[in-house]
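Below is one structure; the comments refer to it alone.
Throughout, numbering of the chain's residues begins at 1 and tracks the sequence. In listed order, ligands and their atoms are each counted from 1. No experiment lies behind these values; they were computed from the predicted model shown.
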Amino acid sequence: MRASLPSCAVAVLALSGSAWSASPAPIPPAADQELARAIFKELVEINTTHDHGSTDAALAIQQHVLRAGFAESDVAFIAPPEHPTKGNVVIRYRGKGKGKPVLFLGHLDVVEARAEDWSVPPFQLTEKDGWFYGRGTIDMKNGDAALLESLIRLKRERFTPERDIIAAFTADEEAGGDANGPAFLLKNHRDLIDAGLVVNLDGGGGAYKNGERLYFGFGTSEKTYVTYTLETKSPGGHGSLPGPDNAIYRLAAGLGRLEALKFPVMLTATTRAGFEKFADLNPGPESADMRAVARTPFDPAAAERLSNVVRLNAQLRTTCVATLVSGGHAENALPQRAKATIQCRMMPGDTAEHVQTALTGALNEPKITVTLDAPPIVSPESQPTPQIMTRVASVVHSMWPGVAIVPTMATGFSDDRQTRNAGIVSYDLGGTWADVDENRAHGRDERIGVKEFDESVEYTYRLLKTMSRKD
Ligand SMILES: [Zn+2]
């Protein structure tokens, strides 16, 4: 789940009922193509919504890698004791020991899907008109299948990486879970997944526009999710005797002031590079402003003009918005309390304390308290360094020559926040191409182009080889 090349959200748009017309790219040898598709079908058809959990899928993956010749001691199935259905499987592909391992992440869980809402059965893989349909086809059983098949292929080819490759297929990335795999593993089994670098396949990937390859995004950062509760109280009393001290009116007036709160513009290495690249890709009225914002120091007037576009505003600053409100206890009584929930998405580098101070200042009302709901899982930017840009380009351009490569900041969050919060540099490097203008992840009739799936498998194989080289 994210924006501007969302992880947990890549999009596909129908073009005359068939897949994309963009020029084809390399695909795996026939036997690997077939194996990848078979694994994909198997994973899509194992229901891994919250009610079912991820254990069955993790055990299926365990069987595949054991059959492929991985040592039992290098394949660990682990579920939290209090959540046995939320299993994870961690595979170590041993290398020459040159440097800290690289950890590849894929989440196994999917968002609920109801058969009556879909035109095809959501928990079956259906191939139709150049597409594979099914829950998880884009988020992210596609990435899981590509990762698993690539491990098996590399093993068969007797490839030895310079550093260990760790692959973790994990539980509970999607909203509502209580047994997030990476968080659990980092806390209880850090030795199993400790790495110098994380490559998350849940995010990143290519963006088509009108059927043409527009750019390849890779995630270097995401905003931090943080929630506050506002509360105010009043004496209450009989509804027939209203007075000046009323919690609901006080809160409503405060929310009006909060609506006007605008956080200062904050730019990161990623958003500067992103604005620069998007200015090149979208010649138009916005491109001059994007360049002016990418410069140091940035042009505040240009930033204000771009802020009128919702998705650009979210790239420029921390945002907060009222999402829930409640108050009073009876139709015929004066309220004794009123509450609101304020949901914020902080820029990398911003802090919960700073945001709370800004909220309190904008409310300007000592009778409204502002409380932080829970300490945020901060997610610092993983810098788009020249080294990583070169390495990513070597893989991407071996597949899709000449495409622009753009570092991106997601406005939602992914498991990267767990690994970045734990101090491990993490990049989203999924390899699926989809349309920029539509997003079926989490929605109905989720699908991936058949050609795009095959290409993503070959890309993932190359990515494993390249990213396992020593720094
Ligand atoms: Zn996802």
Side-chain angles (χ1 to χ4, degrees), residues 1-12 40 43-44 46-50 52-54 57-58 61 86-89 103-113 122-123 132-148 167-185 198-207 217-223 225 345 377 379 408-420 426-435 438-448 452-453 456 459-460 463:
M1 44 130 69
R2 311 175 197 180
S4 141
L5 258 241
S7 71
C8 255
V10 191
V12 181
F40 189 34
L43 292 178
V44 167
I46 299 173
N47 184 332
T48 54
T49 56
H50 281 310
H52 288 79
S54 53
I61 290 170
K86 300 293 176 73
N88 308 277
V89 61
L103 168 64
F104 282 76
L105 276 184
H107 69 80
L108 291 170
D109 58 319
V110 294
V111 172
E112 186 57 73
F123 296 102
F132 285 126
Y133 286 83
R135 173 56 89 221
T137 47
I138 202 89
D139 181 17
M140 60 161 290
K141 301 268 173 85
N142 56 326
D144 297 330
L147 177 55
L148 174 55
F169 297 88
T170 57
D172 252 3
E173 188 273 345
E174 302 291 0
D178 49 6
N180 178 267
F184 171 76
L185 293 168
V198 167
V199 174
N200 190 346
L201 300 177
D202 185 25
F218 80 105
T220 60
S221 50
E222 56 190 34
K223 292 179 103 174
Y225 183 104
R345 304 298 172 107
I377 301 168
S379 187
T408 60
M409 177 186 75
T411 53
F413 62 81
S414 71
D415 282 336
D416 292 340
R417 64 183 183 153
Q418 307 291 355
T419 51
R420 290 191 184 122
S426 309
Y427 298 108
D428 290 326
L429 281 166
T432 298
W433 284 78
D435 191 272
E438 200 184 282
N439 179 12
R440 295 188 183 205
H442 304 190
R444 78 185 286 273
D445 289 355
E446 184 178 345
R447 64 184 181 174
I448 185 174
E452 284 66 29
F453 174 75
S456 77
Y459 159 86
T460 304
L463 186 70

* Is the distance from the Zn ion (ligand 1) to the nearest N/O/S atom of D202 under 2.8 Å? ->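 Yes, within the cut-off.
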
* **D139 near the Zn ion (ligand 1): N/O/S under 2.8 Å** =>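 Here the distance criterion (N, O or S atom, under 2.8 Å) is met by D139, so yes.
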
* Identify, by name, the N, O or S atom of H107 lying closest to the Zn ion (ligand 1). =>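 Minimum-distance N/O/S atom of H107 relative to the Zn ion (ligand 1) is NE2.
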
* To do: Could you tell me whether the side chain of E446 and the main chain of G136 form a donor-acceptor pair under 3.5 Å?
  =>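 Yes, E446 side chain to G136 backbone: donor-acceptor pair under 3.5 Å.
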
* Asked: Under 3.5 Å, side chain of T137 to main-chain N/O of R447, donor-acceptor pair present?
  ->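 Checking the backbone N and O of R447 against the side chain of T137, a donor-acceptor pair under 3.5 Å is found.
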
* Asked: side chain to side chain donor-acceptor pair (under 3.5 Å) with D172: which residues, sequence neighbours excluded?
  ->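 D172 satisfies side chain to side chain donor-acceptor pair (under 3.5 Å) with H50, K86 once adjacent residues are dropped.
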
* To do: Under the side chain to side chain donor-acceptor pair (under 3.5 Å) rule, collect the residues that match up with R420, sequence neighbours excluded.
  =>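 Result, side chain to side chain donor-acceptor pair (under 3.5 Å) vs R420: S382.
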
